[in-house]
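Basis for what follows: all heavy atoms, side chains included, without hydrogens, waters or symmetry-related copies.
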4 protein chains.
Amino acid sequence: MPAKRRRAEKAAPVQPPAPALPGSISPKPASSRAARAAERRQAIIEAALDEFIARGYAATRLDDVASRAGVAKGTIYLHFADKETLFQELVRTALVPLIGRLAAPPPPGGSVRAALENFAQTFAREVVSTRRGDILRLIVAEGARFPSVADFYYREVVSRGLAGMRALIELGIASGEIRNEGLAQFPQIVVSPVIVAVIWQGLFARHAPLDASEMFRVHLDLIFGERRAA
Amino acid sequence: MPAKRRRAEKAAPVQPPAPALPGSISPKPASSRAARAAERRQAIIEAALDEFIARGYAATRLDDVASRAGVAKGTIYLHFADKETLFQELVRTALVPLIGRLAAPPPPGGSVRAALENFAQTFAREVVSTRRGDILRLIVAEGARFPSVADFYYREVVSRGLAGMRALIELGIASGEIRNEGLAQFPQIVVSPVIVAVIWQGLFARHAPLDASEMFRVHLDLIFGERRAA
Amino acid sequence: MPAKRRRAEKAAPVQPPAPALPGSISPKPASSRAARAAERRQAIIEAALDEFIARGYAATRLDDVASRAGVAKGTIYLHFADKETLFQELVRTALVPLIGRLAAPPPPGGSVRAALENFAQTFAREVVSTRRGDILRLIVAEGARFPSVADFYYREVVSRGLAGMRALIELGIASGEIRNEGLAQFPQIVVSPVIVAVIWQGLFARHAPLDASEMFRVHLDLIFGERRAA
Amino acid sequence: MPAKRRRAEKAAPVQPPAPALPGSISPKPASSRAARAAERRQAIIEAALDEFIARGYAATRLDDVASRAGVAKGTIYLHFADKETLFQELVRTALVPLIGRLAAPPPPGGSVRAALENFAQTFAREVVSTRRGDILRLIVAEGARFPSVADFYYREVVSRGLAGMRALIELGIASGEIRNEGLAQFPQIVVSPVIVAVIWQGLFARHAPLDASEMFRVHLDLIFGERRAA
DNA sequence: GATGAATGAGGGTTCATTCAT
DNA sequence: GATGAATGAACCCTCATTCAT
């Protein structure tokens, strides 16, 4: 329970560290210097992400990151200026896939509800109980202490995501699917059960599992003014 | 060779620590021993709360807590067994006022919407941008690392709050105010914009201020199937 | 096992602390101020002796001494200037009874062997496995660090004891009981099994109990040139 | 208000710490990594031994050990898990040479007395007033607080030493050199002047120097029933 | 480039000592 | 006189960072 350890108790690695890269006979024997470097960098990022998620920024030890990544401690400093930079770059890197997905599918001709339904279920499946959710929680937990992280997240994820959501809402209002016009001002409302599900998963899943997928459906019913058949 | 230490992005004191107590002798010569002790304990809790909120658990130094509280470092240990205990007791203490408020007034004869409206506005006023919101964010940020804190919070706040909310929702369904019956299964939906507002306030207020009060209103419109006149 | 504790684990009191003095109804209701003070002083000394024996000088906490003595921590300082003074005075005090006994029974008309036999059995009975032995071990353990303690011990116990022993040896030589004349130069030889027994008791009794009484007898046989019947 | 700290009676460094390694670069550029590490480890052990001997376990500061060893504080932790482990490993290490010597030469064809004479003089010369004697005193002083140390010492030194001594005594009894048959039961008797000499050296040498060598001789006279010619 | 031993500034915790009550 | 809350100097141990190999 203590976020800061004492001694070399090791507190049991969060997850078994990735098997040490096979070493001499590497999976990409043809890889160039640069490619090897990029691989190492990526391994460090993965490892650091795991550790930061499990322990938070301050309680994470670069020693653990290094051994999880299968590199020496000094190697981290060949790729990142210091712990803070590692954290910030890692958040950026980790966010890229999320960003891609968010700017994604505006409803071609289909209904807005279908688009949101799709969005919600994707989220329920691919974020709430996955590594992506962990990243979200990490940002929520540490963002206040790392303005640059919060800034980046706001700029790259939040503002874009909300803009996309707003566009969708306006589409829905225009098409009559959505009756509440105020919603366009607060796209956050549409997303909020998603956020709550992510947080719930991190803090309370042990006590009371939450059927995120179903919750999202009820919420969409609210937005689209329908009552589920079930 | 020397290791340069840096903590998060901000090294400066979060707020100027309380000015050293001014009186040359004792500030409250009339208070009893026990009263003085209770005062000191409270001062420590206040100071620790500030520091934990500002830096997170692991990055908070008890040295800072002590000087902010105007006591010596050793004094903290007269009141709390260690840093972790301080943190946990502090969360408990800080939550008590919130708890009282939550078990609060079910709608006497008034409408459910009025009750929720009241709840939401109270929250917007007294939590989102206040110390209470900070505490919530602190729990969200550290809860995963402190199961006992998450447990306590779930037991004393979340489960009670949701039960109360569910009761209200069922009342609303019974009275016809609320049409979506699924809502009773997911009281979280009703609360989620509140959570989002609190988080937003902590991370993004700088970039885009959020009118929480107004957002809550729109959300209630959704729930009660109305569109505000305004 | 650690000689220095961590936390308030208390490491289990060495022996159950003496029952708190009955307080209001004291065993000596007529005792004067001064008598009460002397009692307290004595209680502190007893308690401190227990603790110093159990943990050594440096690892003993005055807190423990105070609670074992049933007084407040500050009270110790009314009787002793500081921890070191307490230790030194305590050794002096604890040694007084021993000293009396040592200057004791020169053989009136009886044989020297009888006198030594008596000395040895008294030692075996009243020192080796008792509190007095603990005190000896304490001095052996800490003496090097406290010259004044070693000085005092040498002056009051060792030199006197050896002088007495030498006188006895010379008596034995004169009477023909002891044949080895060199012994008078090294009375330590006569005493050495006693010292070894005390140390053995403290360190190795667990592994191999030592019949000190029997060992002393064999040693006397050596000195008096006899062979035991058994 | 301020607490004044004093340690035992001597605050000054026990001996001037080893002069900072002189060479501007590295003192032994040719030595391998592993060799350097072993050297450092050894330096730490030496330094720690000095400090533990001089101050006892609890009063020894790892800071002092580090600077005496010419390393940084953290370096100690690269070689030893903590202070207690350092202490225990150091005792083990320090004992190894003694052990070798003890299992040593039973009398080939020579007399038992010659063997014991040799043992005693070797002890007088190489232990009583040397570092080895300091180690013995350290064990006597701290053994009670460190069962594992006492155990190790008993197992590796005491029981072996006594077994060897008993064998020698039995040889002497068989050959008629030793008349007292009870001695075989208590080899401790033969060794006890040695122990006393070591302790005397540590505590009372200042007051009254002891000619250990001569004392041992007298004691052997006792055992072998002779009176020295001299 | 990669390594990991070495560094040393901290930070949590302890405890001898003081002093207002 | 007696108390015990308060103090703050130490001390053990950790870990980000450096740099010789």
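Of the two residues near DNA chain E, A/Ala37 and D/Ala37, the one whose nearest nucleotide lies more 5' is A/Ala37. Each of A/Ala58 and D/Asp63 lies near DNA chain F, and the nucleotide nearest D/Asp63 is the one positioned closer to the 5' end.
Under the side chain to side chain donor-acceptor pair (under 3.5 Å) criterion, A/Glu142 pairs with no residue at all, not counting sequence neighbours. Partners of C/Lys83 under the salt bridge (Lys or Arg N to Asp or Glu O under 4.0 Å) rule, at least two apart in sequence or in another chain, do not exist in this structure. Scored by the side-chain contact (heavy atoms from CB on, under 4.5 Å) test, D/Ala47 finds D/Val65, D/Arg68, D/Ala69 as partners (sequence neighbours excluded). In this structure, the salt bridge (Lys or Arg N to Asp or Glu O under 4.0 Å) partners of B/Arg41, at least two apart in sequence or on a different chain, are B/Glu89. Scored by the side chain to side chain donor-acceptor pair (under 3.5 Å) test, C/Thr85 finds C/Asp82 as partners (sequence neighbours excluded).
The CG atom of C/Asp64 sits 15 Å away from the P atom of F/dG4 (whole-angstrom rounding). Counting to the nearest Å, the P atom of F/dC11 and the OH atom of D/Tyr57 are 14 Å from each other. Across the protein-nucleic acid pair, D/Arg61 atom CZ and F/dC13 atom C1' stand 16 Å apart, rounded to whole Å. Taking atom NZ of residue D/Lys83 and atom P of nucleotide F/dT14, one finds them 15 Å apart after rounding to whole Å. Whole-Å rounding puts the D/Arg36 CZ to E/dT7 C1' distance at 14 Å. Atom pair D/Asp82:CG and F/dC11:P shows a separation of 17 Å (rounding to whole Å applied). Here F/dC15 presents its C1' atom at 13 Å from CZ of A/Phe52, a figure rounded to the nearest Å. Taking atom CG of D/Leu62 as the reference point, atom P of E/dA9 lies 17 Å away to the nearest angstrom.
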Pairing pattern in dot-bracket form [Watson-Crick, G-U; both distances under 3.5 Å; | = partner strand] for DNA chain E = .||||||||||||||||||||

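Distances shown here put a side-chain N or O of C/Arg40 below 4.0 Å from the OP1 or OP2 atom of F/dT3.
To the nearest 0.5 angstrom, B/Phe87 atom CZ is 4.5 Å from B/Leu138 atom CG.
Sequence neighbours left out, not one pair with a member in residues 61-83 of chain A passes ring pair (Phe, Tyr, Trp, His ring centres under 6.0 Å).
Closest non-hydrogen pair, A/Arg145 versus B/Ile53, comes out as NH1-O, 3.5 Å.
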Can you check side chain to side chain contact (heavy atoms under 4.5 Å, CB included) on D/Leu86 and D/Leu62, steps first, answer last?
-> CA-CA 10 Å; D/Leu86 167 60; D/Leu62 293 190; 4.0 Å; yes

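Contacts with DNA chain F (heavy atom under 4.0 Å) in residues 71-80 of chain A: A/Lys73, A/Tyr77, listed by number.
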